[in-house]
2 protein chains.
Amino acid sequence: MRNGKLKLTAASLAFAGVALTAAAAEPPAKAPQAFRHVAVKAVADILAASKPSEWRRLDPENTLYLDLPGGRVVIELAPGFAPHHVANIKALVRAGYFDNAAIIRSQDNYVVQWGQPDEKRSLGPAKKTLKAEFDRRIGKDARLDRLQDPDTYAPEVGFAQGFPAARNRKLGREWLTHCYGVVGVGRDEGADSGGGTELYAVNGQAPRHLDRNVTLVGRVVQGMELLSVMPRGTGDLGFYKTTGEQTPIRRIRVAADLPASERTELEALRTDSATFKTLMESRRNRREPWFKVPAGRLGVCNAPLPVRPAKG
Amino acid sequence: MRNGKLKLTAASLAFAGVALTAAAAEPPAKAPQAFRHVAVKAVADILAASKPSEWRRLDPENTLYLDLPGGRVVIELAPGFAPHHVANIKALVRAGYFDNAAIIRSQDNYVVQWGQPDEKRSLGPAKKTLKAEFDRRIGKDARLDRLQDPDTYAPEVGFAQGFPAARNRKLGREWLTHCYGVVGVGRDEGADSGGGTELYAVNGQAPRHLDRNVTLVGRVVQGMELLSVMPRGTGDLGFYKTTGEQTPIRRIRVAADLPASERTELEALRTDSATFKTLMESRRNRREPWFKVPAGRLGVCNAPLPVRPAKG
């Protein structure tokens, strides 16, 4: 009804295989207009002009599939930032800990969280808790593809190993940032009280005050829209009051453990690529006719991190 | 199952009548813990110690009720920032324009949008389009209750007339900011092509690049969780492909037009109050035991704007 004239839009791009965050999405258009074509074409053109070498295939050993009744959520893990938690989560997954798990919490504009309601479920060789991995030392060769604009919460922000990240050089520390779709480890009061048995994804405004207070282990690179629409829990903190309200998780798997036919092969645009730099600049200053006042700024949680089906 | 021990939490506070944004919400707790009590108690205590005079009752003449099958969404309008659009939207509402309207778009991490699919519906005395009200001149007595921390997108941010707002003194202009739940006017390519027949609310990370490009007319103060879970549209830009996918809107009404028995009387904490200042500081530096590294910062779209049922 509203897209008869459209040939190339954010959504159709997604169908064509390029998933973008909302920052790359279109303005609140009122009706099908030519500008939509122009607007998204800017992104599509930028990506279409990229070289194959500017994309990196997701490592199946560090990719999780969270299979819901409604489809698959793909999570890229960040072993560079949380090596022990990532290893532990994979051990939990491989022990079948998350088979028949559930979405147990959905708090509006905050987090959607999942875990295993069956408290007797074996952890296998995994540990229940681990020492926190809230941040890490800035290594000599650690690269941050920086964004130049000021950030409310950190001295420097940008992208490290494909993830939104922040740095404080005075402290010599860097950490992943709580952007939309980023996945973290639920914990109790103690810093070392989490281990990965309960995980959450940010479903609203980036709760950056949680940065350096939670071990972040990755981000949802596809399927976040399946998690974000979970009915908000009416219990405390958005937890569901009854098991019946929970959405079942069929299983979680490490991509490497599935046969090729069951995998969702994706590749991500390298954040150290020329195309990514061009993309960031195009988002800082939107030149499409729809925009009357380009922001001239770009926030770390507003930057698109393009992912598309891997070729071949 | 998870809240047996809890006495006072974010969610129960909401039931008790204080709706907070996620910024005030609890950390991604793993299990019911005493700290939850402490954490939210900090907010509850702050609000409990407030004076009645620190709250302002929402003006029924500038409050909209969007009635969905699942409940009511309450929107506070911002005539101070968009006087002509607010007047026009009220004229549309009073002409019955939004009776049997629909949610027509839900784009993940961006906006949920509504309008009247019936293209023959009369606008009544309202206009289809208006001159843009993207920003306004900073008046001599215009107050901005500032946040002190840097903002990525604007030189100054804070709260004006109860809404998140930004300023550029060099330009002599101020404007409302695209935070979660803020409501804007969909438009076509021309700046003056919107009028209020299609409205949207932000449902994810604040798309601040839209600031000064859209006329913002208010914010959802209650019921955002009804809008945010709308299944994402699979058409272009998150528009629904078929009418069947749309969620019906029973009606939109100006609060003043309903009898007292049908109203949702709310009051909002004044942003120029001492309690609000205390609340902001408590959010900048979370002192609850759960937090190991207080942020020491607070973003304009992370600040809670408490609303509760009006007394009497």
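Within every chain, numbering begins at 1; the chains are lettered A, B, ... in the order of the sequence lines, protein sequences first and strands thereafter.
When each of B:Cys179, B:Gly115, B:Gly181, B:Ala191 is checked for heavy-atom pairs under 4.5 Å with chain A, B:Ala191 comes out on top. Interface check for chain B: of the options A:Val293, A:Val202, A:Asp151, the most heavy-atom pairs under 4.5 Å are formed by A:Val293. Among A:Val229, A:Asp149, A:Val157, A:Asn203, the residue making the largest number of heavy-atom pairs under 4.5 Å with chain B is A:Val229.
The side chain to side chain donor-acceptor pair (under 3.5 Å) search around A:Arg212 returns none, not counting sequence neighbours. With sequence neighbours excluded, the residues satisfying side chain to side chain contact (heavy atoms under 4.5 Å, CB included) with B:Arg287 are B:Asn285, B:Pro294.
Counting heavy atoms from C-beta outward, B:His209 and A:Arg283 have side chains that stay 4.5 Å or more apart.
Heavy atoms closer than 4.5 Å to chain B are found in both the backbone and the side chain of A:Met224. For chain B, the nearby part of A:Arg208 is the backbone; its heavy atoms alone come within less than 4.5 Å.
B:Asp211 contributes atom CG, which lies 12.0 Å from atom CZ of A:Arg297 (distance to the nearest 0.5 angstrom). Atom CD in A:Gln205 sits 9.5 Å away from atom CG in B:Asn109 (nearest 0.5 Å). Taken from CD in A:Glu189 to CD in B:Glu288, the straight-line distance is 10.0 Å, to the nearest 0.5 Å.
Side-chain N/O atoms of A:Tyr180 and B:Asp108 include a donor and acceptor closer than 3.5 Å.
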side-chain contact (heavy atoms from CB on, under 4.5 Å) between A:Ser228 and B:Arg232: does it pass, once the steps are laid out? CA-CA 9 Å; A:Ser228 57; B:Arg232 302 328 187 200; 3.3 Å; yes

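Using modelled atom types, one side-chain atom of A:Arg187 and one backbone atom of B:Trp290 make a donor-acceptor pair closer than 3.5 Å. Side chain of B:Thr152 to backbone of A:Leu298: no donor-acceptor contact under 3.5 angstrom is found. Of the possible donor and acceptor atoms, none in the side chain of B:Tyr153 sits under 3.5 Å from a partner among the backbone N and O of A:Gly296. Between the side chain of A:Asn213 and the backbone N or O of B:Phe291 there is no donor-acceptor pair closer than 3.5 Å.
In this structure, B:Lys131 places its NZ atom where only 12 or fewer heavy-atom neighbours from other residues, nucleotides or ligands lie under 6.0 Å away.
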